[in-house]
Amino acid sequence: MLRSHTCGELRAEHADERVTLCGWVQNRRDHGGLLFIDLRDRYGVTQCVLDPDAGEAAEIADRVRLEWVVRVSGSVRLRPENKQNPDRETGAVEIVVDGFEVLSRADPLPVAVTGAERSSEELGLRYRYLEFRRPEVRRALEVRAQVNRIVRDYMHELEFVEVETPILMKSTPEGARDYLVPSRVHPGEFYALPQSPQLLKQILMIGGLDRYWQIARCFRDEDLRADRQPEFTQLDLEMSFVEEEDVQAVMEGLLRRLTSEVAGVELPTPFARMSYADAVETYGTDKPDLRFGLPVRDVTDALSASAFVVFKGAIDAGGRVRCIALAPEYSMSRKQLDALPAVVADRGARGVAWVKVRADGWAGPVAKHLTEAERAALTEATACVDGGTLLFLAGPRSVVEPASGDLRLHLGKAFGLRDPARFEAVWVTEFPMYEVVEETGALVAKHHPFTAPVAEDIPLLETDPASARARAYDLVLNGEEIAGGSIRIHDRAVQGTIFRQLGIDEAEAQERFGFFVEALRYGVPPHGGIASGLDRVAASLAGFEQIRDVIAFPKTTSAADLMSGAPSRVDQAQLDDLHVSLTECAPDDDGASE
RNA sequence: GGGGGUGUAGCUCAACUGGUUAGAGUACCAGACUGUCGAUCUGGAAGUUGCGGGUUCGAGUCCCGUCACCCUCGCCA
């Protein structure tokens, strides 16, 4: 070892010991005769002192600059009482240096690594390794590692078998766009990177593994968001001879342990359950943030006879009027109220009507359109009280539902109700089997085509498929979907029905999922499972808004890696090997691929 | 593909309605200083205002185009 201790471990009891430390020069304070150098490594920062009589060591140290890597030897000295630094764990001591060695010089850094100033995200990604020198950035990776360790321990305790599935897979398009890898030995053919190991884990169940798990990298070639990367990591698991509650119990136990050990929060189990229909009705979304109330109420009935053009127009067209009631302590200024329409404009909502509830007469632009009977009905429906405010959204259900969810979230943020230290988990259940594509009327699987229907809804598959419910469940934590799973179809006849309804005929099913359809013939245990987005889980536990923060080398919104320069052009010889020719290709103008 | 935001010294930022030589902190270079811990003090160097056009006597500022990054709608079974 080049060192005897780390930069974070020396305390008063080490006084007078001889030590050798290695690290980066975080700061230097040159007093002419006396020179202080703060030495940093992963574990902390230790102050080193060079007296003029340190001789050659002092001469070398004098030339050292920020972020050089050095090795110092000396003795630990207890600092005088009034010279100790209580803000630093090693602040009681300092190293009196008598040996100083430069291990590596450093150019001035292109990003800020110490202090409150943080360089732009763009530079941070370009020089990601320099960001790791910041403790808060390193902490994110440490949380990530801790999550992985807890997951691994837990799954092994429950006797799940860890199985690695291939990265080079068959393309089974449906849902997200695949990342493709051309085959050299099979001209014109391609592998796909897995969007998830879905079919493989079901096949493991058919193979009798009984309980499988894996930390699986997944790839989806779709546009990015703050909570979406083109490659991301899932905890993937599957169990045989189980029902919903069995899978959910495994996940609850895990999340409970994670929040306890990582965030110090004890989650009560079992978690709350809420049907998809209730979630959308009450929170305007299938991933409700239950850290705060502000439920959305449907007041269409209360206003069914309204003459007010905004309400009447929506209701006559078959739409709904939805209302959020604000308690008196959440009163909003006119300016804040005027800002609300912009919040819901994305969803196509025309505006947000509002009225102030006052015992001595309701106020606001909408008040005059409300009859006494309507006020009574609204009071009944929303439980509003004197001093409160009612916010209304009116329009088609497809607009008003998501808009009400956005509005509720906006209010939660605006009133500071989203406590980052709180964790509220809820299972959303009874998802519909299908979504109906508006333009064509075609059915698309809401979850995926291997999800089992609720038994009593099987007859509905033929008569009213759009209202058939799936045995699917999502785990929602603080308004974020952190896991989703289902009980799978284990009956090939049912699987055939689902394929047919999705417009996948036998030949196509054979072409795309042939290996899986064949496997369904040879004895399939009833099974189900779940996959959890570990990037989101880690970000959530560590209090980060973006999953980029808990990914060591994340990609930008345009799926580029600013550090390595990927993606980039490749040699013609490589393309030739792969039997790939480029058709349309803009001139190389990004300058990044020289 | 659409909408919004950002882009000025290595870094973080400033520059009113278009107007003199684009400033400050920090880092860097040189010097001073024996108890600092965001050390302090003196001096210096440092700019294609993302890029390309245009309007104007004059553009960091206005217009058009374009690139990068961030947020977002669509998309993400």
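The sequence lines fix the lettering, A, B, ..., with proteins before strands; numbering per chain opens at 1.
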Roughly how many Å is it from [atom1] in [X] to [atom2] in [N], rounded to a whole number?
X: A:D87; N: B:C37; atom1: CG; atom2: C1'; value: 9 Å
X: A:D227; N: B:C70; atom1: CG; atom2: P; value: 14 Å
X: A:D30; N: B:U36; atom1: CG; atom2: P; value: 15 Å
X: A:L409; N: B:C71; atom1: CG; atom2: P; value: 17 Å
X: A:E122; N: B:G5; atom1: CD; atom2: P; value: 18 Å
X: A:R118; N: B:G25; atom1: CZ; atom2: P; value: 25 Å
X: A:L224; N: B:C73; atom1: CG; atom2: P; value: 13 Å
X: A:D51; N: B:U34; atom1: CG; atom2: P; value: 12 Å

Open item on the list: Strictly by ring-ring contact (aromatic ring centres under 6.0 Å, His included), give each pair with a member in residues 34-77 of chain A just once, sequence neighbours left out.
Closed with: A:H31-A:F36
Looking at [N], which nucleotide sits across from it as a Watson-Crick or G-U wobble partner, both distances under 3.5 angstrom, or is there none?
N: B:C37; result: none
N: B:U55; result: none
N: B:G44; result: B:C28
N: B:U66; result: B:G50

Counting the atoms with a prime plus P, OP1 and OP2 as sugar-phosphate, which does [X] contact under 4.0 Å by heavy atoms, base, sugar-phosphate, or nothing?
X: A:L123; value: sugar-phosphate
X: A:P52; value: base
X: A:S558; value: sugar-phosphate
X: A:S120; value: sugar-phosphate
X: A:N82; value: nothing

Task: Result of checking A:H5, A:H14, A:E94 against A:V76 for side-chain contact (heavy atoms from CB on, under 4.5 Å) - done: A:H14
Ignoring hydrogens and geometry beyond distance, is the side chain of [X] in donor-acceptor contact with the base of [N] at under 3.5 Å?
X: A:R225; N: B:G74; value: yes
X: A:E117; N: B:U26; value: no
X: A:E94; N: B:G35; value: yes
X: A:R79; N: B:U36; value: yes
X: A:R347; N: B:G3; value: no
X: A:R228; N: B:C76; value: yes
X: A:D223; N: B:C76; value: no

TODO: Would you mind telling me which of A:R134, A:R133, A:R138 makes a salt bridge (charged side-chain N to carboxylate O under 4.0 Å, His left out) with A:E136?
DONE: A:R134
At less than 4.0 Å, is any side-chain N or O atom of [X] found next to OP1 or OP2 of [N]? Yes or no.
X: A:S119; N: B:C11; answer: no
X: A:R548; N: B:C71; answer: yes
X: A:Q546; N: B:C71; answer: yes
X: A:T556; N: B:C69; answer: yes

Task: Full working for ring pair (Phe, Tyr, Trp, His ring centres under 6.0 Å) between A:F219 and A:F232 - done: CA-CA 7 Å; A:F219 306 85; A:F232 59 101; 8.2 Å; no
TODO: Could you check if a side-chain atom of A:Y191 sits within less than 4.5 angstrom of a side-chain atom of A:L180, using non-hydrogen atoms only?
DONE: no
If I pick the [atom1] atom on [M] and the same atom on [N], what distance separates them, to the nearest angstrom?
N: B:G50; M: B:U12; atom1: P; result: 14 Å
N: B:G5; M: B:G10; atom1: P; result: 27 Å
N: B:C28; M: B:U66; atom1: P; result: 41 Å
N: B:U6; M: B:A46; atom1: C1'; result: 24 Å
N: B:G58; M: B:U17; atom1: C1'; result: 16 Å
N: B:U26; M: B:C37; atom1: P; result: 14 Å
N: B:G43; M: B:G25; atom1: P; result: 11 Å
N: B:G18; M: B:C69; atom1: P; result: 32 Å

- [ ] Mind running a 4.0 Å heavy-atom check of residues 56-76 of chain A against RNA chain B and sending the residues that fall below it, in number order?
- [x] A:R65, A:L66
Would [X] and [Y] pass as an ion pair if we require N to O under 4.0 Å?
X: A:R220; Y: A:D178; result: no
X: A:R548; Y: A:E121; result: yes
X: A:E222; Y: A:R228; result: no

Task: Flag for A:Q202-A:Q198: side-chain donor and acceptor within less than 3.5 Å - done: yes
Task: Residues A:S196 and A:Q234: side-chain donor-acceptor under 3.5 angstrom - done: no
- [ ] From the options B:G35, B:C11, B:C71, select the nucleotide whose nearest atom is closest to the side chain of A:R77.
- [x] B:G35
Open item on the list: Tell me if the aromatic rings of A:Y473 and A:F431 count as close, with their centers under 6.0 Å from one another.
Closed with: no
Open item on the list: Nearest heavy atom decides the nucleotide; on that basis, is A:D406 or A:S196 closer to the 5' end of RNA chain B?
Closed with: A:D406
